[in-house]
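First comes the structure, then the notes that go with it.
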Amino acid sequence: MQELLANIKSDARFEQCSVSASISEDGIVTLEGSADSWRHVVDIGHLAASFPGVVNVVNHLSAEGVRIEKSDNTQRIREARKRGVIASADVVIVGAGISGCGIARELSKYDMRVIVVERNADVSEEATKANNGDIHPGHKAKPGTLKAKLNVRGNELYDKWQEELGFELVRCGQVNVAYSEEDMRGLEKIYHDGIANDVPGVRMLTKEELLKMEPEVPGDPMGGLVAPTMGVVEPFQVCVALAENAAENGVEFMLSTELLDIQVMEDGRFQAVTEKGILDAAYIIDCAGIHADEVAQMVNDEFYTLHARRGGIAIFDKRVTGPYHHAMSAMPRKKDAESKGGGYARTPEGNILVGPSAVEIPDKEDKSMEESDFDYAYDRGKSIYPELDRRDVIAMYAGIRPADYKEDFIIQMSGKVHGFIHVAGIQSPGLASAPAIAEMVEGILKEDMEASGRTVSVREDYKPKRRPQVQFRRLSHEEQDALIRENPKYGHIICRCEQITEGEILDVLHSPVVPTTVDAIKRRTRAGMGRCQGGFCQPRVVEILARELDKDWTQINLKGRGAYILERRSR
Amino acid sequence: MNGKEQLDREITCIVCPTSCRIQITGTMDEPEITGYTCKRGLEHARNELYCPMRMLTSTVKILGAKFRVMPVISTKEVPKDKMKDCLEEIYRIQVTAPVQEGDIIIRDICHTGADIVAARSMKEAQ
Amino acid sequence: MKTIQVDLAVIGGGPAGLAAVAEAKRQGIGRVVLIERDLELGGILQQCVHDGFGLHRFQKRMSGGQYAEAFIRDVEATDACIQDNTMVLEITPDKKIYAVNETEGMLLYECRAIILAMGCRERTRNQVFIYGSRTSGVLTAGAVQRYINMEGYLPGRKAVILGSGDIGLIMARRMTLEGMEVEGVYEVMSSPGGLTRNIVQCLEDYDIPLHLSTTVVKAHGRERLTGVTVAKVDENRRPIPGTERYIDCDLLVLAVGLIPENELSRGAGIEIDPRTQGPVIDQNFMTSIDGIFAAGNVVAVFDLVDYVSETGEIAARGAARYLKEQKEGNKEGHSAHTYKNVTAGEGVNFVIPQKVAAGELTQDMAFYLRVKKPDERVVLSCRMGDETLAKKKERFVAPPEMLVSRVQAGCCVDNDLTVEVRKEVPHER
């Protein structure tokens with residue numbers, strides 16, 4: 001510990017910082033004190049985590065000038081408790097992002113009651129929806145980490161998920177381009193990591209091979225690296241598909257339901273106090289994304305701290321198709337934080353996507369896209385596709401990566417509180433790893449249940465296939481004609497940019513996880529996701545939502561509570 | 001305002017795209033108007049000073065149509081200082097579909113001599 | 001799939017499409033269909049409750065609905081087929097149109113001629129790079145207009161408007177009259193984007209400040225908008241650090257420009273002018289594909305509906321002539337003519353049409369153009385080499401007001417044309 005502190009003290013960057021540190025028997029470093037900037041809070045955390053023998057870091061450092069508002073939930077908890085126990089479950093999953101929904105769907109095949117609680121009005125609302133949709137091959141993960149293992153396994157499992165759940169998955173492969181000796185060395189390292197991680201098909205490319213594969217690569221490249229198993233998905237589509245299939249198999253989703261507290265009862269069961277009342281549970285799986293550490297603190301199991309790393313993404317008009325078949329990336333000019341540097345890809349729907357950026361921020365809720373995020377993302381695109389024009393940008397957004405200081409996934413049964421399962425630090429490649437994360441958690445839970453004498457068997461009525469979805473825009477005119485004859489509502493186009501019909505919107509309104517907001521409709525159908533960004537269809541979607549949910553227009557929100565669209569009637 | 005009070009106003013002329021800035025000083029009884037560059041500009045300034053007039057457009061609540069409100073327009077300009085009263089009356093009105101464009105919704109609104117008419121037809125909703 | 005043969009299909013029942021259909025019938029075109037995606041005709045005019053329409057054409061101050069209704073009556077009096085509630089999905093280069101509606105399913109129109117009249121769409125916050133969070137309470141002016149004027153809902157309490165084009169100004173007044181507070185109108189350019197009449201009657205009448213050379217740089221809030229940051233901009237329209245100001249508001253209204261809606265045109269392979277974002281057209285408003293014409297805001301953004309209607313009529317006459325020549329077995333379209341280019345010369349931002357068929361003009365021809373900057377005492381002229389085909393003095397010009405230069409019938413076009421706006425020189429008086 002003294003060595004760590006000496007290291008911090010001797011580092012000129014941290015001159016203005018006052019830090020004390022302690023280490024527990026199980027290798028958890030706790031940092032206390034203050035730093036002169038948030039950047040340094042994070043740097044010191046990383047420095048501590050890199051020390052030999054350190055298992056993880058609890059970082060309580062404060063930063064000068066940074067006040068992180070902590071809301072006092074005492075009153076809300078008291079009120080929630082008054083509502084008493086409203087349901088009893090085998091498993092309560094906290095958080096309906098890609099991890100929570102993936103696990104829920106995996107567990108839905110067993111004979112057990114699973115409830116997912118989510119504070120947002122819809123699934124996939126946080127890091128999942130703001131993800132770039134890369135199904136990484138796994139060659140960029142550090143060998144030996146849990147990340148590396150789950151990434152490669154997750155990538156492999158995606159085909160099965162795709163087949164069962166029916167979302168779009170394009171195995172485009174990824175090509176990295178090198179322009180200098182240094183770039184080449186960088187790619188060689190990634191290549192060797194890829195080999196170490198057992199990534200299928202990863203190989204170095206000569207200049208000739210590279211240009212044969214992607215003839216439009218600009219400038220004078222020296223060579224490249226290809227990873228053929230790279231895929232792209234629309235991440236929210238995967239998450240919704242998982243949630244819907246889980247719900248079809250009996251998992252209950254409590255949306256707009258914030259978890260306020262957890263109490264460990266004497267019999268070892270949990271009382272999860274939500275704003276809607278108490279959920280009694282044998283197991284709790286913490287998939288709360290950027291707030292996972294706070295949920296773990298509710299059961300006094302604090303052995304890691306999450307720091308928020310914002311990533312900004314820009315999406316271009318479908319009209320701009322770009323010259324590439326692969327997801328592309330030139331080696332980043334400068335290393336930006338812990339990011340993989342982002343890059344250029346085409347989404348399954350055909351939009352060019354660039355980014356994400358990577359910026360450490362103190363406020364876990366700050367999903368504000370800054371100019372610097374855009375500039376970074378745009379530059380990642382321009383470096384490989386110089387003709388890219390910012391005037392073709394149709395959407396920009398930022399998401400928060402939930403990173404711990406080891407920069408690895410934390411997936412384990414709590415060592416302190418039996419029955420509490422940590423699924424934390426699921427940043428990139430969390431989406432790619434999701435099937436493997438679900439598999440791993442399923443294993444942990446099953447093993448524990450069986451150890452306590454419970455038999456865990458697959459239900460006979462388990463349906464792994466999600467009901468098929470109509471996508472009008474992808475059909476031939478003949479098929480479209482036939483479809484409208486079956487149901488006239490498919491003949492009414494609501495979103496002109498993406499050609500989304502009223503029939504498709506009504507379909508999702510009758511799905512197992514009912515969307516109640518304009519954004520939720522957008523994620524499920526793509527209405528409002530095109531170049532006019534809902535300028536045309538938003539009033540029409542509001543009208544349909546109000547009609548189908550039997551609400552007034554003023555009660556229809558863009559996203560969660562507070563995000564109302566219309567304030568009042570004018571007459 | 002009495003006729004003797006000192007004026008100090010500037011208005012933008014909207015007679016043509018030149019958009020002259022016209023200054024009005026002096027008193028209501030004896031205004032001094034400068035800055036205009038044509039006769040129509042001077043006339044416009046006088047109108048703006050003594051009796052500014054505006055077209056009135058708004059919507060009224062409608063029942064039984066596809067939409068909740070229906071656009072209306074005045075048949076001629078109304079005095080600017082009566083706009084508020086006129087709007088209040090318009091906001092109180094409620095009509096029922098069907099309505100034909102040109103149907104009189106309010107006759108001689110606030111004694112301005114202008115009628116408020118439907119600015120479009122609205123069918124009954126199916 | 002139902003297949004229907006028509007002589008002319010007009011896509012879009014807004015002002016351009018309505019005028020085109022009425023004129024097409026006057027010209028005697030046989031089977032005409034008007035395809036409209038909405039339940040009713042009129043397009044965006046139906047959400048424009050303000051007056052100021054039809055000043056040129058009807059010498060009256062009409063509201064949008066009244067202007068539309070005048071044309072709708074004309075169209076309904078003809079035997080043209082009005083196919084409302086029908087969305088066109090695709091146009092092919094050989095003039096087939098695929099369209100859908102609820103009752104008939106997919107319709108295939110085999111057309112001898114087509115007039116594109118799809119209008120335009122609004123630019124969004126992302127196209128003007130407003131950073132910050134994605135909350136509710138950020139709407140385009142057109143969406144606000146629809147909510148207030150057609151649906152009868154108010155989308156906020158206190159609004160900031162970005163963009164001083166006419167739509168922004170009109171909405172400032174509308175929201176004020178509906179009891180909302182309008183904090184101000186912000187304009188990134190150093191001169192207003194809208195007509196003076198609207199600055200006076202929409203802003204000055206209600207003491208709404210207009211802030212020039214200022215833009216919204218950031219939106220704040222988590223769920224609903226809670227405020228925006230505005231900043232002054234330099235001559236390159238870049239925000240000047242240190243000039244930021246935070247404004248409390250729950251609605252940001254974007255009136256930041258319109259883009260001609262040409263996804264269908266692009267799909268058909270029609271040549272698009274990168275400057276106007278609309279099809280390249282000739283003096284009959286025919287696009288690069290024989291028999292496919294375009295009219296109104298799909299060609300370039302006009303600000304006066306009277307011009308939009310006029311272009312609908314020009315396109316309809318062009319289509320009538322094209323169909324007649326075809327019927328008589330004559331060559332028509334691109335193979336029958338050589339084309340001369342029309343260039344935007346000094347002081348001119350863009351001009352349409354972009355090309356003219358060589359030869360004697362059989363009828364008067366209008367050039368529509370926008371100047372680059374406000375100016376006084378200028379001469380607007382259309383030149384062919386040293387020859388001046390048309391000349392007109394303008395006392396005052398500004399980018400928000402579209403200018404028209406008319407070349408008379410009888411002129412012989414045998415060279416490229418340049419349309420320009422120059423400072424008046426004293427001896428020309």
Side-chain angles (χ1 to χ4, degrees), chain A residues 314-315 319 365-371 373-374 390-391 393-398 472-473 477-478 480-485 488-493 496-497 499 501-502 518-519 531-536 538-539 542-543 553-554 557-571, chain C residues 1-2 37 85-87 89-90 98 100-108 121-127 129-140 142-143 146-157 178-180 217-224 239 250-251 254 259 261 263 266:
Chain A
I315 303 275
R319 197 168 69 223
E365 296 291 327
D366 180 12
K367 279 167 258 177
S368 171
M369 175 93 179
E370 303 293 333
E371 187 171 10
D373 294 304
F374 174 76
R390 58 189 286 146
R391 283 176 300 187
V393 170
I394 61 163
M396 301 185 284
Y397 49 85
F472 184 81
R473 64 191 177 282
H477 291 324
E478 286 74 19
Q480 289 172 334
D481 188 44
L483 189 64
I484 299 166
R485 277 165 209 289
K489 290 294 174 197
Y490 292 114
H492 186 202
I493 307 277
R496 64 181 173 189
C497 301
Q499 274 187 15
T501 64
E502 185 175 352
V518 170
D519 270 0
R531 51 183 69 89
C532 93
Q533 290 284 296
F536 174 77
Q538 192 197 73
V542 169
E543 182 182 2
W553 287 36
T554 51
N557 287 357
L558 184 68
K559 37 188 185 174
R561 67 196 98 182
Y564 62 93
I565 294 168
L566 299 168
E567 208 241 318
R568 62 192 152 101
R569 288 191 183 203
S570 68
R571 301 276 183 278
Chain C
M1 196 182 317
K2 194 164 146 192
R37 68 177 175 215
N85 214 9
T86 302
M87 183 76 98
L89 300 183
E90 186 187 351
Y98 292 92
V100 284
N101 67 39
E102 293 185 27
T103 49
E104 293 157 294
M106 182 71 64
L107 299 169
L108 168 58
R121 67 166 182 271
E122 297 178 282
R123 297 215 294 163
T124 68
R125 69 175 282 187
N126 298 313
Q127 276 140 8
F129 292 91
I130 296 173
Y131 297 100
S133 40
R134 300 216 295 179
T135 64
S136 69
V138 181
L139 290 172
T140 59
R146 186 178 172 99
Y147 280 131
I148 296 179
N149 291 349
M150 292 183 89
E151 313 290 358
Y153 284 99
L154 303 183
R157 289 182 191 88
E178 290 289 338
M180 293 169 62
V217 291
K218 197 170 170 182
H220 305 267
R222 292 263 154 89
E223 303 289 341
R224 175 77 188 193
D250 68 348
L251 180 65
L254 298 168
I259 305 170
E261 184 99 285
E263 313 320 316
R266 285 192 173 89

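Reckoned from all heavy atoms, side chains included, excluding hydrogens, waters and symmetry mates. A, B, ... follow the sequence lines: proteins, then strands. Residue 1 opens every chain. This is a predicted model, so every value here is computed, not measured.
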Given A/His477, A/Glu365, A/Glu502, A/Gln538, the one with more heavy-atom pairs under 4.5 angstrom with chain C than any other is A/His477

Note: C/Pro155 and C/Ile148 closest approach over all heavy atoms is CD-CG1, 3.8 Å

All heavy atoms of C/Met180 vs all of C/Leu251, minimum pair found to be CE-CD2, 3.6 Å

Counting heavy-atom pairs under 4.5 angstrom with chain C, the leader among A/Gly534, A/Cys497, A/Pro539 is A/Pro539

(Q) Is the ring pair C/Tyr147/A/Trp553 parallel, tilted or perpendicular, if the boundaries are 30 and 60 degrees? (A) perpendicular

Ranked by heavy-atom pairs below 4.5 Å to chain A, first place among C/Met150, C/Glu122, C/Glu90 goes to C/Glu90

Answer key: most heavy-atom pairs under 4.5 Å with chain A among C/His220, C/Glu151, C/Gln127 is C/Glu151

Exercise. Is there a donor-acceptor contact under 3.5 Å from the side chain of A/Gln499 to the main chain of A/Ile493?
Worked result: no

Under 4.5 Å to a heavy atom of chain C? For A/Val542 that would be side chain

Bottom line for A/Glu478: the part with an atom under 4.5 Å from chain C's heavy atoms is both

Nearest heavy-atom approach of C/Glu178 to C/Leu154 is O-CD1, 3.6 Å

When the 4.5 angstrom heavy-atom criterion is applied to C/Arg123 and chain A, the contacting part is neither

When the 4.5 angstrom heavy-atom criterion is applied to A/Tyr490 and chain C, the contacting part is neither

So, the part of C/Leu254 with a heavy atom under 4.5 Å from chain A: the answer is neither

Item checked: Check against salt bridge (charged side-chain N to carboxylate O under 4.0 Å, His left out), C/Lys218 and A/Glu370 -> CA-CA 8 Å; C/Lys218 197 170 170 182; A/Glu370 303 293 333; 2.7 Å; yes

Note: vs chain C, highest number of non-hydrogen pairs under 4.5 angstrom among A/Ala563, A/Ala395, A/Gly535, A/Ala482 is A/Ala563

Ranking A/Arg571, A/Arg319, A/Arg473 by heavy-atom pairs under 4.5 Å to chain C gives rank one to A/Arg319

Okay, C/Glu104 and chain A: the region with an atom under 4.5 Å from a heavy atom over there is backbone

The interface call for A/Arg390 against chain C, heavy-atom contacts under 4.5 Å, is both

- C/Arg224 side chain vs C/Asp250 backbone, donor-acceptor pair below 3.5 Å: yes

Checked C/Gly156, C/Ser133, C/Ala219, C/Ala143 vs chain A; the most non-hydrogen pairs under 4.5 Å come from C/Gly156

Under 4.5 Å to a heavy atom of chain A? For C/Thr124 that would be side chain

Honestly, the part of A/Glu543 sitting under 4.5 Å from a heavy atom of chain C is neither

Turns out that what part of C/Met1 lies under 4.5 Å from chain A's heavy atoms comes down to both

Rounding to 0.5 Å, atoms CG (C/Asn126) and CE (A/Met369) come to a distance of 9.0 Å

>> Keeping C/Asn101 on the side-chain end and C/Asn85 on the backbone end, is there a donor-acceptor pair under 3.5 Å?
In response: no

task = Output yes when a side-chain donor or acceptor of A/Ser570 lies under 3.5 Å from a complementary backbone atom of C/Gly152, and no otherwise.
result = yes

Highest number of heavy-atom pairs under 4.5 Å with chain C among A/Leu566, A/Leu558, A/Ile565 belongs to A/Leu566

The interface call for A/Arg569 against chain C, heavy-atom contacts under 4.5 Å, is both

Any salt bridge linking A/Arg561 with C/Glu223? Criterion: basic side-chain nitrogen under 4.0 Å from a carboxylate oxygen. no

| request: Decide, yes or no, whether a salt bridge links A/Arg496 with C/Glu261 under the criterion of side-chain N to carboxylate O below 4.0 Å. | output: yes

Cut-off 4.5 Å, heavy atoms of chain A, and the answer for C/Arg222 is both

